[in-house]
Amino acid sequence: MRQRTRKTGTPLAIELPVQGGGPAASPLGAGTIKKKKKGFLHELIHNRVLFLMLLPTLLFFLVNSYFPMVGVYYAFTQFDFNSGLFDAPFVGFKNFEFLWKSGTLVKLTLNTIGYNLAFILLGNVLAIVCAILLSELRVKWFKKLTQSIMFLPYFVSFVILSVIVYNVFNYDSGFLNTLLARFGAGPVDVYNKPLVWIFLIILFYLWKNLGYSMVIYLAAITGISDEYYEAAKIDGAHIFQRIWYITVPMLKSTFVVLLLFSLGSIMKGQFDLFYQLIGNNGVLYNTTDILDTYVFRSLKVTFDIGMATAAGLYQSLFGFILIMTVNYIIRKINDDYALF
Amino acid sequence: MHIKDDHYTRLLQGLAYAVIIIGSLACLIPFLLIISASLTANESIIKDGYHLIPAQFSVEGYKTVFIFPDEVLRAYGVTLFTTVTGTLLGLFFMTMAGYVLARKDFKYRNTFSFYIYFTTLFGGGLVPWYIMMTKYLHLTDSYGALIFPGLMTPFLIILMKNFIRSAVPEELFESAKIDGAGDFRIYWRIVLQLSMPGIATVGLFLALAYWNDWFSSSLFINDPHKYQLQFHLYNVINSAAFIANMGAGTGVSLGSDLPTESTKMAMAIVVTGPILFLYPFIQRYFVKGLTIGAVKG
């Protein structure tokens, strides 16, 4: 998907004379030249069925992803649902200025990146540990069963997560307070403790997603050849050494790929998770508000369209610049790991 | 040396069993809590709270859910409809796209791959998309709003392409072409037949996303008759929680027509039931998807 992508369709063809014949029949050098010279239109007619089959997908992304990009214009307006779509007064960078001066942008950025870093680091380390331990289990059925159980939370909806949180933490009858009462302790109003939710959000993220990454790492471990372990065993390496010097290094490439993918989306919050856990509980916003929840609230609760678009645009741009930078650096270090 | 290794191996085995058992329990207990609460008498929950084992067994929660089944059945209908339609449509489009992008003789496949991939790098954000959906496409309160957004994702298209690449050898395209089969015929008669496991995987990913979707309802649907199942559950839990909190603050007693604690939990089980039931059978397809999807597209 690399250089070729950017070069297709460039007007290299202009300087070359037209030649007949299929590309397969021609010698190497001439073949490449000839491919370049056949224009897009020729391909379109020649492969019309293939283009037609791809059309729904192209249209989908055009409508669902590319059209809305035009709408970032609203970020520079004071949009009002009642006035027409293009009647909204243009206010320049005022929305951004407000977001910046009120400190909202800094807080949201720090929260979004902070949570994501915690998710990425803890998620991957724990997934690797669990995958290694799981791969060491010798009872086959138990291994399969526990893997299935740990993958299960990935399948339930985030609404169920909010049911669980309600079940455990609700003040009057929650499991936690029931348990505390049994030990003679007084009830705790968790919904009023912003700091606790930092921990809870990370915990529930891990609960929901650990199984997913664990399965990926487990597949990578299964792919490691037994010969390495046999050889190490003969050389007298004990089990912990075999894990540390064989398994862990062999997981490096999987880890780097997963890491890069998640770094690319470090500005995108886990909206479902945060919204289902926190909802519209204003007491907790300081420690739990991320860009996505802020944008959603501005859109659906406070109807501040201009501001919401501005925050969304900031998120997209910042994320885009981040991923481009990361990808550029990775390409310099090791081309194989580059995302594109 | 050997004795030491045996010793360490036993240590690791013990550690592995301990950690994995604790991890599995942590994943299971929340579900057990919900199941237990759904089978507990409501008064018991109000009086002593939730327990891991029902303090006072009762099925009244489920009874209440099914005494007035209209709402939950309708929500089930909406979710079933959107899941089936969305999955079939999305699969049709994505298998075609995966096939075209997997064809090495298709010249612009890299350009188009990037066109699809780019949408994960940059986007207009939620608000412009929302305005387009409501003001330009007029999808408010329509099933289109529930089906359209989830039809395809770049991840699944790349996954589909990789599946087709690994299931259908390039030479097969060539020989089918020589035998006079058209591009669509190759797709319909060969690619679809050979990549069934891949299609099942992608289809299940898609179906799961539709089944668990509550966000589309919350954004685009005002008519309660068109709420998806998950959003219906969300409302039951949250409206009740909200009113209960208000009641606690003001000393006003709760309305008697509110869903009781056990009903809420029974509802959660009714909503999640199909997933829990199907999970053992479909799980391996997801594992396969992750294993292949982890390969860079």
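In this text, all values refer to a predicted model and were calculated from it rather than measured experimentally. Values below: every heavy atom of this structure, side chains too, minus hydrogens, waters and symmetry copies.
Between F155(A) and F286(B), the distance from one ring center to the other falls under 6.0 angstrom. Taking the six-membered ring for Trp, Y115(B) and Y66(A) have ring centres closer than 6.0 Å. Note: Y17(B) and F142(A) meet the aromatic proximity criterion, with ring centroids under 6.0 Å apart. F296(A) and F215(B) have their aromatic ring centers within a separation under 6.0 angstrom.
When heavy atoms are compared at a cutoff of 4.5 Å, Y275(A) approaches chain B solely by way of its side chain, counted from C-beta outward. With a threshold of 4.5 angstrom between heavy atoms, L208(B) approaches chain A through side-chain atoms but not through N, CA, C or O. The parts of V139(A) that come within reach of chain B are both its backbone and its side chain, each placing non-hydrogen atoms under 4.5 angstrom from that chain. When heavy atoms are compared at a cutoff of 4.5 Å, T95(B) does not approach chain A at all. Using a 4.5 Å cut-off between heavy atoms, L58(A) contacts chain B through both its backbone and its side chain. Looking at Y99(B), the atoms closer than 4.5 Å to chain A (heavy atoms on both sides) all sit in the side chain, from C-beta outward. The parts of L62(A) that come within reach of chain B are both its backbone and its side chain, each placing non-hydrogen atoms under 4.5 angstrom from that chain.
Judged as a ring-ring contact (aromatic ring centres under 6.0 Å, His included), and not counting sequence neighbours, F255(A) has no contacts.
Taking all atoms of both residues into account, the shortest heavy-atom contact from S316(A) to G125(B) is OG-N, 4.3 Å.
Q283(B) and Y154(A) form no side-chain donor-acceptor contact under 3.5 Å, judged by distance and modelled atom types alone.
For the pair L151(B) and N64(A), the minimum side-chain heavy-atom distance is 4.5 Å or more.
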